[in-house]
Amino acid sequence: MTIADQVTGSTIAGTAGGNPAGVMPAGAVPAGAKPAEAKSRIAAPAISLPAIGERELRLDLFRGLALWLIFIDHLPPNLLTWFTIRNYGFSDATEIFIFISGYTAAFVYGRAMLENGFVIATARVLRRVWQIYVAHVFLFTIFLAEISYVATSFENPLYTEEMGIMDFLKQPDVTIVQALLLRFRPVNMDVLPLYIVLMLALPLILWSMKWRPDVTLALSALLYAATWEFDLYFSAYPNGFWAFNPFAWQLLFVFGAWCALGGARRMSRILASPVTMWISIAYLVAAFYVTLTWYVPQLSHFMPKRLEQWMYPIDKTDLDVLRFTHFLALAALTVRFLPREWPGLKSQWLRPLIVCGQHSLEIFCLGVFLAFAGHFILAEVASGPAMHALISLSGILIMWAMAWVISWYKRVADKGGAKTKNAAGNADLAGGG
């Protein structure tokens with residue numbers, strides 16, 4: 001079952017949960033059921049998983065889109081910046097990335113927990129966490145070398161200050177240890193530490209959802225509220241706090257997991273309602289108007305002052321509720337108007353996005369390198385609109401080319417090993433790990 005299938009209540013042959021009303025209430029037994037059947041139904045887990053099948057291309061598509069948008073947003077403002085969603089509402093590509101990460105992680109490791117138990121599933125999650133951590137350390141090392149080389153070669157110390165590595169040059173021994181503890185991060189390297197922490201919490205999240213998925217989501221929302229009320233945060237080195245507070249952003253990750261494990265199917269009637277559609281549209285239009293006031297200050301005169309005082313600042317660090325609800329509105333319209341069978345998903349025009357989404361970890365790391373390289377070229381060579389556009393498009397093409405090479409390698413060079421790999425444990429099957 002896919003996202004859209006869960007929204008409409010339809011299922012693929014062989015999937016669990018053909019109940020048109022969503023899920024059966026706890027302890028409910030169909031009329032005429034045999035005692036043994038009734039007992040098995042009562043003991044059934046509270047979550048439901050889709051059957052193993054072909055890739056969910058919409059997850060790949062939107063994760064690839066998020067990677068492209070993150071790369072463009074990391075560059076200095078240019079023409080393509082106006083094509084990123086952060087200029088038209090409260091949320092941006094980060095919300096897309098974290099939600100899909102929670103969804104795909106639950107898809108893969110939730111099945112492992114149901115089939116093999118908590119210990120095996122936890123071991124698999126920790127292996128994935130280790131892969132992400134190694135990627136983060138590798139990215140940190142090469143990124144530091146890239147910035148230091150440019151700053152030294154062009155005798156411009158502003159690069160080290162702008163990219164946040166001045167403390168590393170002053171105390172490299174202490175800074176490296178802090179970096180290994182995820183407390184020190186240069187600019188644009190905040191997403192992977194957040195992802196690592198959220199994945200470390202995944203076994204506990206899945207174990208809780210195995211029995212009470214709705215209660216788990218409620219506890220996640222309670223932690224989110226406590227974060228705002230008691231100012232919970234992770235400290236950073238040398239001072240300050242994480243750019244993405246895991247105590248707050250866990251809500252989006254858990255919500256993605258909850259949707260993957262049957263939550264979206266249980267919300268099918270709400271999501272299919274015209275009322276939900278029009279509320280979502282109205283909210284997106286209102287958010288668009290608010291963002292217009294940032295670029296056209298004259299429009300702010302038409303906004304009530306009390307509303308402005310309540311609304312600002314729209315905090316990204318703690319996942320402001322306006323950002324979260326903006327993402328929910330976008331997601332509700334997406335699952336309504338983009339069905340799983342949409343022919344465009346097979347189009348060659350969308351293939352670059354889908355391929356990048358299938359290899360999100362590698363492409364994200366590459367995007368960080370390319371963003372700084374583009375920043376350097378714009379500062380040292382030329383900074384006109386044509387150069388901005390050229391750098392943005394070139395970076396996207398390089399990301400696509402790298403994703404294609406990785407796909408080719410996995411398809412051809414690893415063909416023999418792939419035959420023996422269990423599809424249920426393959427994070428790429430769920431849209432990238």
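The line from CZ of Arg127 to CD1 of Ile132 is 12.0 Å long, rounded to the nearest 0.5 Å. Between the OG atom of Ser91 and the CD1 atom of Ile96 there is a distance of 7.0 Å, given to the nearest 0.5 Å. Atom-to-atom distance recorded for Arg265:CZ and Leu271:CG is 13.0 Å, nearest 0.5 angstrom. Taken to the nearest 0.5 Å, the CZ atom of Arg58 stands 13.5 Å off from the CG atom of Leu350. Once rounded to the nearest 0.5 Å, the distance linking OG of Ser347 with CG of Leu57 reads 11.5 Å. Rounded to the nearest 0.5 Å, atoms CE (Met402) and CG (Leu397) are 13.5 Å apart.
Using a 4.5 Å heavy-atom cutoff, the side chains of Ile354 and Lys346 are not in contact. By the 4.5 Å heavy-atom criterion applied to side chains, Phe138 and Tyr133 are not counted as neighbours. For the pair Ile196/Met199, no side-chain contact is recorded, criterion being any heavy-atom separation below 4.5 Å from C-beta on. Counting heavy atoms from C-beta outward, Ile100 and Phe62 have side chains that approach closer than 4.5 Å. The side-chain heavy atoms of Asp320 and Met311, taken from C-beta on, include no pair separated by under 4.5 Å. Phe364 is listed as a side-chain neighbour of Val368, based on a closest heavy-atom distance under 4.5 Å. Counting heavy atoms from C-beta outward, Val275 and Ile270 have side chains that stay 4.5 Å or more apart. Annotation: side chain of Ile70 is not in contact with side chain of Asn188 (no heavy-atom distance under 4.5 Å).
The main-chain N or O of Thr276 is found under 3.5 Å from a side-chain atom of Ser280 such that the two form a donor-acceptor pair. Within the 3.5 Å criterion, the main-chain N or O of Asp92 finds a donor-acceptor partner in the side chain of Glu95. Using modelled atom types, one side-chain atom of Thr141 and one backbone atom of Val137 make a donor-acceptor pair closer than 3.5 Å. In this structure a side-chain-to-backbone donor-acceptor pair under 3.5 Å is missing from Ser148 to Ala145. Although no hydrogens or angles enter the test, the distance criterion places no donor-acceptor pair under 3.5 Å between the side chain of Tyr103 and the main chain of Leu261. The main-chain N or O of Ser101 is found under 3.5 Å from a side-chain atom of Thr104 such that the two form a donor-acceptor pair.
Ion pairing between Arg323 and Asp315 fails under the 4.0 Å rule for side-chain N and carboxylate O.
The list of side-chain hydrogen bond (donor to acceptor under 3.5 Å, both in side chains) pairs with a residue in residues 395-405, not counting sequence neighbours, is empty.
For Arg336 against Ala272, the heavy-atom pair with the smallest separation is NH1-O, 2.9 Å. A pairwise comparison of heavy atoms in Thr81 and Asn87 identifies O-ND2, 2.5 Å as the closest pair. Closest approach of Phe71 to Ile396, counting heavy atoms only: CE2-N, 4.0 Å. Taking all atoms of both residues into account, the shortest heavy-atom contact from Pro339 to Leu345 is O-CD1, 4.2 Å. When all heavy atoms are compared, the tightest approach of His326 to Gly89 is NE2-CA, 3.4 Å. Nearest heavy-atom pair, Ser392 versus Leu75, reported as atom, atom and distance to 0.1 Å: OG-CD1, 3.5 Å.
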Between Thr325 and Phe90, is the side chain to side chain contact (heavy atoms under 4.5 Å, CB included) condition met? List the steps. CA-CA 9 Å; Thr325 51; Phe90 302 137; 5.8 Å; no
Step-by-step side chain to side chain donor-acceptor pair (under 3.5 Å) determination, Tyr224 to Asp318: CA-CA 9 Å; Tyr224 173 81; Asp318 289 330; over 6 Å; no
Between Arg63 and Asp60, is a side chain to side chain contact (heavy atoms under 4.5 Å, CB included) present by the stated rule, with each step listed? CA-CA 5 Å; Arg63 180 173 267 185; Asp60 295 333; 6.0 Å; no
For a side chain to side chain contact (heavy atoms under 4.5 Å, CB included) check, start with the C-alpha distance between Ser220 and Gln250, then their side-chain angles and the critical distance, and finish with the verdict. CA-CA 7 Å; Ser220 174; Gln250 54 79 27; 2.5 Å; yes
Stepwise side chain to side chain contact (heavy atoms under 4.5 Å, CB included) test for Leu370 and His74: CA-CA 9 Å; Leu370 293 176; His74 283 172; over 6 Å; no
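In this structure, Phe372 and Phe143 have perpendicular ring planes: the angle between them is above 60°, well past the 30° mark. Taking the six-membered ring where the residue is Trp, Phe118 and Trp207 present perpendicular rings, their angle passing 60° and hence far from 30°. In this pair, Phe327 and Phe99 present their aromatic rings tilted. The plane angle is within the 30 to 60° band. Ring orientation note: the planes of Phe288 and Tyr88 are close to parallel, at an angle under 30° on the 30°/60° scale.
Each of Phe255, Tyr195, Phe244, Phe97 was checked for a ring-ring contact (aromatic ring centres under 6.0 Å, His included) with Trp249, and the lone residue meeting it is Phe244. Between Ile205 and the choices Val125, Leu219, Val254, the side-chain contact (heavy atoms from CB on, under 4.5 Å) rule is met once, by Val254.
Both the sub-6.0 Å distance and the 45° axial angle are not jointly satisfied by Arg185 relative to the ring of Phe140.
No donor-acceptor contact under 3.5 angstrom links the side chains of Thr291 and Arg86, judged on distance only. Side-chain polar atoms of Gln348 and Arg351 form no donor-acceptor pair below 3.5 angstrom. For Asn245 and Thr317, the side-chain atoms include no donor-acceptor pair closer than 3.5 Å.
The salt bridge (charged side-chain N to carboxylate O under 4.0 Å, His left out) search around Asp214 returns Arg266, not counting sequence neighbours.
Enclosure of atom CE in Met189 by more than 12 non-hydrogen atoms of other residues, nucleotides or ligands within 6.0 angstrom is indicated. Other residues, nucleotides and ligands place more than 12 heavy atoms under 6.0 Å from the OH atom of Tyr289. Within a 6.0 Å radius of OH in Tyr312, more than 12 heavy atoms belonging to other residues, nucleotides or ligands are found. Enclosure of atom CH2 in Trp349 is not indicated, since only 12 or fewer non-hydrogen atoms of other residues, nucleotides or ligands lie within 6.0 angstrom.
Taking the six-membered ring where the residue is Trp, the centroids of Phe168 and Phe184 are separated by 6.0 Å or more.
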Which pairs of donor and acceptor atoms, one on a side chain in residues 232-240, lie under 3.5 Å apart (sequence neighbours left out)?
| from | atom 1 | to | atom 2 | distance (Å) |
| --- | --- | --- | --- | --- |
| Ser235 | OG | Arg183 | NH2 | 3.2 |
| Tyr237 | OH | Gln171 | OE1 | 3.2 |

